2 protein chains.
Amino acid sequence: MPSRRSPSAPPADPSAAHVRSDPVYVVKAQLFRVLGHPLRIRILELLRDGERTVGDLQAELELDSSGTSQHLAALRQQSVLDSRRVGTSVYYRIRDPRISQLLAIAKEILTSALSDSHALLSDLADEARPRPRSR
Amino acid sequence: MPSRRSPSAPPADPSAAHVRSDPVYVVKAQLFRVLGHPLRIRILELLRDGERTVGDLQAELELDSSGTSQHLAALRQQSVLDSRRVGTSVYYRIRDPRISQLLAIAKEILTSALSDSHALLSDLADEARPRPRSR
DNA sequence: AGCCAATCTTATTGAGTATTAAGAATATAA
DNA sequence: TTATATTCTTAATACTCAATAAGATTGGCT
């Protein structure tokens with residue numbers, strides 16, 4: 001019950017809640033949040049090259065059907081995935097190719113962040129030695 | 001305690017845990033997860049046009065300094081933000097411009113998803129009328 | 001220097017919510 | 001009906017968020 005707060009709480013500036021619950025930001029956050037799970041990232045990478053059946057994904061993920069289904073449902077609920085049924089199998093696919101783009105960019109960001117920290121480590125190591133810096 | 005299951009559970013294939021906890025997927029998921037909060041999305045949009053102080057952000061978000069600081073710390077911990085101190089103020093900025101790109105793509109995805117469902121609504125409305133489909 | 005105020009960070013708590021696994025229930029196709 | 005695929009339910013655990021209070025750093029004042 002989001003309308004109640006506590007017995008005698010002050011009005012508590014309602015404009016702050018606006019920022020927090022503004023649908024625009026909530027919807028964006030929900031999209032990112034559903035991507036924020038290792039198994040769901042893995043699912044999306046498996047689906048990057050084309051659609052797959054639930055049983056197929058289940059085997060690759062080494063998950064039970066219940067867990068697989070729940071993660072797929074979470075992604076489908078945010079319109080990240082589409083599904084179609086063929087006989088007894090259900091095929092899932094990425095609905096919008098820009099989702100894959102999102103993953104690719106995340107990978108780039110993390111890759112360069114990691115190489116930055118790697119470079120920093122090297123600099124620290126260099127600093128320990130008496131050799132002068134060339135750059 | 002992830003090592004316990006139930007009184008007499010079978011060993012339960014340990015390789016499944018590998019997929020779940022593979023650092024590659026965990027790190028990617030953490031990046032998306034930290035973006036998965038409306039206030040943090042809002043912070044990033046405020047920072048898109050340049051750096052800001054904590055007090056500045058705090059005022060725009062209508063949040064207290066502690067809450068502001070905690071969200072900023074979460075983003076900084078995932079290397080999304082950088083900070084620098086000038087006197088008593090701390091300025092935050094987006095570390096990698098590709099983060100803004102991530103937000104822009106998310107916006108595109110959501111925009112087209114919404115216009116799809118809007119178009120679907122129109123189609124449903126048309127279907128209720130006897131007028132033949134022109135396309 | 002010594003002290004105070006402003007700014008920001010960190011730690012802690014509690015309430016609410018999400019995630020997980022396992023099993024039951026459901027639906028569909030062969 | 002049987003097998004397959006998925007959803008629903010339940011319960012235990014874990015996490016997130018917001019709010020408070022305490023701590024640290026800086027600048028300015030006297």
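Heavy atoms only: backbone and side chains are in, while hydrogens, waters and symmetry mates are out. This structure is a prediction, so every number in the text was calculated from the model and none was measured.
- Closest approach to the B:Arg76 side chain among D:dT16, C:dT10, C:dT20 is made by C:dT10 (side chain taken as heavy atoms from C-beta onward).
- Between B:Arg84 and B:Val90, every side-chain heavy-atom pair lies at or beyond the 4.5 Å cut-off.
- A donor-acceptor contact under 3.5 angstrom links the side-chain atoms of B:Ser66 to the base of D:dT20.
- The residue among B:His71 and A:Arg85 whose nearest nucleotide of DNA chain D is located toward the 5' end is A:Arg85.
- Salt-bridge annotation for A:Asp82 and A:Arg95: present, with a side-chain N of the basic residue lying under 4.0 Å from a carboxylate O of the acidic one.
- Side-chain contact between A:Ile94 and A:Leu75 is absent, with no heavy atoms from C-beta onward closer than 4.5 Å.
- When the C1' atom of D:dC15 is taken as reference, atom NE2 of B:His37 falls 13 Å away, rounded to whole Å.
- Between C:dA21, C:dT19, C:dT7, one nucleotide has an atom nearer to the side chain of B:Ser89 than all others, and that is C:dT7.
- Note: CG (A:Leu39) to C1' (C:dT19) measures 11 Å, nearest angstrom.
- When rounded to the nearest whole Å, the span between CD of B:Glu62 and P of D:dA18 equals 14 Å.
- Classification of A:Lys107 and A:Glu45 as a salt-bridged pair fails, no side-chain N sitting under 4.0 Å from a carboxylate O.
- Looking at heavy-atom distances under 4.0 Å, A:Gln70 makes contact with a base.
- In this structure, A:Tyr91 reaches neither bases nor backbone, as no heavy-atom distance under 4.0 Å exists between it and the strands shown.
- Across C:dT10, D:dC17, C:dA21, the shortest atom-to-atom separation from the side chain of B:Ala73 is found for C:dT10.
- Side-chain contact check for A:Arg98 versus B:Ser112: some heavy-atom pair is nearer than 4.5 Å.
- Position along DNA chain C of the nearest nucleotide to B:Ser83 versus A:Asp64 favours B:Ser83 as the more 5'-ward residue.
- Rounded to a whole Å, the CZ atom of A:Phe32 is 19 Å from the C1' atom of D:dT16.
- Picking from C:dT19, D:dT26, D:dT16 the nucleotide with the shortest atom distance to the side chain of B:Thr88 gives D:dT26.
- Listed candidates were C:dT20, D:dT26, D:dT6. Nearest to the side chain of A:Ser65 is D:dT6.
- Look at CG on B:Leu61: it is 15 Å from C1' on C:dC8, rounded to the nearest Å.
- Remark: C1' of D:dT6 and CZ of A:Arg84 are 17 Å apart, rounded to the nearest angstrom.
- Among the heavy atoms of the strands, none lies under 4.0 Å from B:Gly67.
- Under a hydrophobic clustering in which Ile, Leu, Val, Met, Phe, Trp and Tyr are joined whenever their side-chain heavy atoms come within less than 4.5 Å, directly or via other members, A:Tyr91 and A:Leu44 fall into different clusters.
- Base engagement by B:Ser69 is indicated by at least one non-hydrogen atom pair under 4.0 Å involving a base atom.
- Remark: P of C:dT19 and CG of A:Leu75 are 11 Å apart, rounded to the nearest angstrom.
- For A:Arg33 and A:Gly55, each mapped to the nucleotide of DNA chain D holding its nearest heavy atom, the one lying further toward the 5' end belongs to A:Gly55.
- In this structure, B:Leu35 atom CG and D:dT16 atom C1' are separated by 16 Å, rounded to whole Å.
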